[in-house]
Structures are given as structure tokens and as C-alpha cells.
**Student:** 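The structure that follows is given in the form of C-alpha cells.
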Amino acid sequence: MALRDHPFFRELISLRLPVEDYVIAGSAPMLAYGLNREINDIDIVARGEAWKLALELGHPSKSPLGPAQRVVLFGGDIEVLDGWFDYSVDSLISEAELFEGFRFLPLTRTMEWKSALDRPVDREDVALIRIFLSGG
């Protein structure tokens with residue numbers, strides 16, 4: 001299935017966020033690489049105009065993971081955040097990788113934050129990413 005056909009990505013498209021002001025984080029980068037068949041939501045790390053648009057669509061609250069603020073949209077299908085752990089938002093956006101017109105956090109960054117959280121699901125994801133990055 002093309003990313004644009006996934007219901008969460010159709011919702012993301014409907015937001016009309018300026019692509020230069022956000023990057024898709026969370027587990028969704030694994031989906032882009034074909035490493036994860038299902039995701040529970042899409043985490044969007046936003047700045048500038050994309051963050052302003054998110055604030056117009058919902059109310060910010062503290063993210064449960066890290067110091068960022070988040071706006072939850074579409075009943076939780078999409079979370080727009082103004083930060084991602086201790087990373088610079090500008091750096092994350094600048095190093096994004098493009099898939100089907102969407103900008104994703106690189107798998108190396110995804111592996112970093114999942115390793116830091118070290119939840120059981122993250123350990124499984126880190127193992128999958130390591131195998132993929134090693135060419136296995």
C-alpha cells in the first residue's frame with residue numbers, strides 16, 4: 001500500500017502543513033522503509049508555520065515523552081509536537097529522508113531514541129532496524 005493510501009497519511013495530507021516545517025518521527029519511519037506493518041499514530045515534529053497551524057486546530061498539552069508540547073488531532077491518529085526528546089527540531093527536519101513526498105526521520109535517529117527509551121516494543125524495533133541497516 002502506498003503511504004498516501006494509509007488512513008493516517010490521508011489525514012496528514014488534509015492538514016496541509018508546509019512540508020519544509022515538519023518531519024515524521026515515531027515509528028512511522030519504519031513503515032516508510034517497510035519494517036513495520038502497523039502503526040498506532042503518526043508523530044509529527046513541527047516548527048514555524050506547521051506548528052502554528054497545529055495550534056489553530058487543537059490545544060497543546062505536555063507530551064508524555066520528553067519536554068515537548070503536543071497537539072493531538074483526529075482522535076489521536078496524529079500528534080504534532082514542537083520538539084522531539086533532546087534533538088534540535090531544525091536538525092531533525094534538515095536531515096529528513098523523503099519517501100513518497102513525505103519527510104521522515106532517518107532510521108539511525110529512530111534507532112537512537114528507541115534505544116534510549118528501551119521499552120520492550122522499542123527493543124524489537126531496534127533489532128529490526130539494525131538488521132535492515134546491516135543489509136540483512
Side-chain angles (χ1 to χ4, degrees):
M1 168 177 24
L3 292 173
R4 291 181 177 282
D5 295 331
H6 191 287
F8 297 164
F9 284 89
R10 286 198 309 265
E11 291 170 338
L12 173 57
I13 291 167
S14 77
L15 296 176
R16 303 176 65 108
L17 300 176
V19 70
E20 67 275 5
D21 278 339
Y22 75 87
V23 62
I24 300 168
S27 296
M30 295 180 67
L31 180 70
Y33 279 95
L35 299 179
N36 206 357
R37 290 183 307 281
E38 285 189 36
I39 54 175
N40 297 320
D41 64 3
I42 296 179
D43 297 315
I44 306 294
V45 181
R47 68 179 176 199
E49 196 60 33
W51 178 245
K52 288 178 191 171
L53 287 170
L55 291 174
E56 291 174 9
L57 297 169
H59 300 288
S61 61
K62 186 180 178 330
S63 170
L65 301 174
Q69 293 291 304
R70 71 177 178 170
V71 175
V72 179
L73 303 171
F74 299 103
D77 292 351
I78 295 179
E79 292 187 16
V80 183
L81 301 103
D82 68 351
W84 192 252
F85 299 95
D86 293 330
Y87 296 106
S88 154
V89 173
D90 291 337
S91 294
L92 294 178
I93 291 172
S94 70
E95 63 190 40
E97 297 175 343
L98 197 62
F99 284 90
E100 297 180 34
F102 298 100
R103 297 165 62 102
F104 289 90
L105 200 65
L107 283 180
T108 52
R109 288 284 187 217
T110 301
M111 189 168 64
E112 284 176 7
W113 71 262
K114 284 183 168 287
S115 294
L117 282 182
D118 198 35
R119 301 173 297 190
V121 67
D122 296 317
R123 284 184 224 125
E124 292 173 20
D125 289 347
V126 166
L128 283 172
I129 293 169
R130 280 194 176 122
I131 290 167
F132 179 81
L133 292 176
S134 70

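The basis for the numbers below is simple: all heavy atoms, side chains too, and nothing from hydrogens, waters or symmetry mates.
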**Student:** I'd like to check the salt bridge (Lys or Arg N to Asp or Glu O under 4.0 Å) partners of R109; sequence neighbours left out, ordered by chain and number.
**Tutor:**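 Testing R109 for salt bridge (Lys or Arg N to Asp or Glu O under 4.0 Å), a comparison that skips the adjacent residues, returns E95, E112.
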**Student:** With a 4.5 Å heavy-atom cut-off, do V45 and Y22 have their side chains touching?
**Tutor:**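 They are not in contact (no side-chain heavy atoms under 4.5 Å apart), so the answer is no.
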**Student:** According to a 4.5 Å side-chain heavy-atom criterion applied to Ile, Leu, Val, Met, Phe, Trp and Tyr, with indirect links allowed, do I129 and L105 form part of one hydrophobic cluster?
**Tutor:**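 Not linked; separate clusters.
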**Student:** Got a second to check how far D77's CG is from H6's NE2, nearest 0.5 Å?
**Tutor:**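 The NE2 atom of H6 is 9.0 Å from CG of D77, to the nearest 0.5 Å.
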**Student:** Look only at the side chain of D43 and the backbone of A25, and say whether a donor-acceptor pair between them is shorter than 3.5 Å.
**Tutor:**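 Pair absent, no side-chain N/O of D43 close to backbone of A25.
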**Student:** Looking only at heavy atoms, what is the nearest atom pair of T110 and G26, with distance?
**Tutor:**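 So the two residues come closest at CG2-O, 3.8 Å.
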**Student:** Once rounded to the nearest 0.5 Å, what's the spacing between atom CG of L128 and atom CE of M111?
**Tutor:**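 Interatomic distance, L128 CG to M111 CE, rounded to 0.5 Å: 12.0 Å.
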**Student:** Are side-chain heavy atoms of K62 and Q69 found at a separation under 4.5 Å?
**Tutor:**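 Sidechains of Q69 and K62: in contact.
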**Student:** Establish whether L81 and L31 are linked, either directly or via other cluster members, by ILVMFWY side-chain heavy-atom contacts under 4.5 Å.
**Tutor:**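 No, because L81 and L31 fall into different hydrophobic clusters, even though each may have its own neighbours under 4.5 Å.
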**Student:** With side chain to side chain donor-acceptor pair (under 3.5 Å) as the rule and sequence neighbours excluded, what pairs involving residues 44-57 come up?
**Tutor:**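 For residues 44-57: D21-R47, R47-D90.
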**Student:** Looking only at heavy atoms, which two atoms of P106 and A96 are closest? And how far apart?
**Tutor:**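 The pair with the smallest heavy-atom distance is CD-CA, 4.5 Å.
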**Student:** What do the steps show when you test E97 against R103 for side-chain contact (heavy atoms from CB on, under 4.5 Å), and what is the final call?
**Tutor:** CA-CA 5 Å; E97 297 175 343; R103 297 165 62 102; over 6 Å; no
**Student:** Hydrophobic clusters here meaning ILVMFWY residues chained together by side-chain heavy-atom distances under 4.5 Å, can you tell me if F8 and V80 are in one?
**Tutor:**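 Same hydrophobic cluster.
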**Student:** Between L73 and V71, is the side-chain contact (heavy atoms from CB on, under 4.5 Å) condition met? List the steps.
**Tutor:** CA-CA 6 Å; L73 303 171; V71 175; 3.8 Å; yes
**Student:** Measure the OG-CG distance between S63 and D82 for me, rounded to the nearest 0.5 Å.
**Tutor:**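 With rounding to 0.5 Å, OG (S63) is 9.0 Å from CG (D82).
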**Student:** Check D118 with R123, please: is the shortest side-chain N to carboxylate O separation under 4.0 Å?
**Tutor:**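 Looking at R123 and D118, the cut-off is met.
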**Student:** Report whether L3 and I24 are members of the same hydrophobic cluster (ILVMFWY, side-chain heavy atoms less than 4.5 Å apart, transitive linking).
**Tutor:**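 Per the 4.5 Å side-chain linkage, L3 and I24 are co-clustered.
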**Student:** Measuring from E38:CD to N40:CG, what's the distance to the nearest 0.5 Å?
**Tutor:**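 It is 7.5 Å, given to the nearest 0.5 Å.
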**Student:** Which heavy-atom pair separates A68 from G83 by the least distance, and what is that distance?
**Tutor:**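 Minimum heavy-atom separation between A68 and G83: CB-O, 3.5 Å.
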**Student:** Which pair of heavy atoms, one from P18 and one from L53, lies closest together, and at what distance?
**Tutor:**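 The pair with the smallest heavy-atom distance is CD-CD1, 3.8 Å.
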**Student:** A side-chain contact here means heavy atoms from C-beta on lying under 4.5 Å apart; do I44 and I42 qualify?
**Tutor:**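 Counting from C-beta outward, I44 and I42 do come under 4.5 Å.
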**Student:** Where the side chain of S88 meets the backbone of S91, is there a donor-acceptor pair that is under 3.5 Å apart?
**Tutor:**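 Checked: pair present.
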**Student:** Check ring pair (Phe, Tyr, Trp, His ring centres under 6.0 Å) between Y87 and all other residues, then give those that pass, not counting sequence neighbours.
**Tutor:**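 Scan of Y87 (ring pair (Phe, Tyr, Trp, His ring centres under 6.0 Å), adjacent residues dropped) gives none.
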**Student:** Can we call the ring centroids of F104 and Y33 under 6.0 Å apart?
**Tutor:**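 Between Y33 and F104, which both carry aromatic rings, the centre distance is not below 6.0 Å.
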**Student:** Tell me every residue that passes salt bridge (Lys or Arg N to Asp or Glu O under 4.0 Å) with R16, counting only those two or more places apart in sequence or in another chain.
**Tutor:**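 None.
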**Student:** Verify the cluster assignment for M30 and I78: are they in a single hydrophobic cluster under the rule of side-chain heavy atoms below 4.5 Å apart?
**Tutor:**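 They do share one cluster, since a chain of ILVMFWY contacts under 4.5 Å joins M30 to I78.
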**Student:** Answer yes or no: is there a donor N or O on one side and an acceptor on the other, between the side chain of R70 and the main chain of P60, under 3.5 Å?
**Tutor:**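 A pair under 3.5 Å: no.
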**Student:** Tell me, which pairs form a salt bridge (charged side-chain N to carboxylate O under 4.0 Å, His left out) where one or both residues lie in residues 124-136, sequence neighbours left out?
**Tutor:**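 Every salt bridge (charged side-chain N to carboxylate O under 4.0 Å, His left out) pair that includes a residue of residues 124-136, provided the two are not neighbours, is K114-D125.
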**Student:** Yes or no on side-chain contact (heavy atoms from CB on, under 4.5 Å) for W84 and V23, after CA distance, side-chain angles and deciding distance?
**Tutor:** CA-CA 10 Å; W84 192 252; V23 62; over 6 Å; no
**Student:** With sequence neighbours left out, what residues match F102 under ring pair (Phe, Tyr, Trp, His ring centres under 6.0 Å)?
**Tutor:**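 F102 satisfies ring pair (Phe, Tyr, Trp, His ring centres under 6.0 Å) with F9 only.
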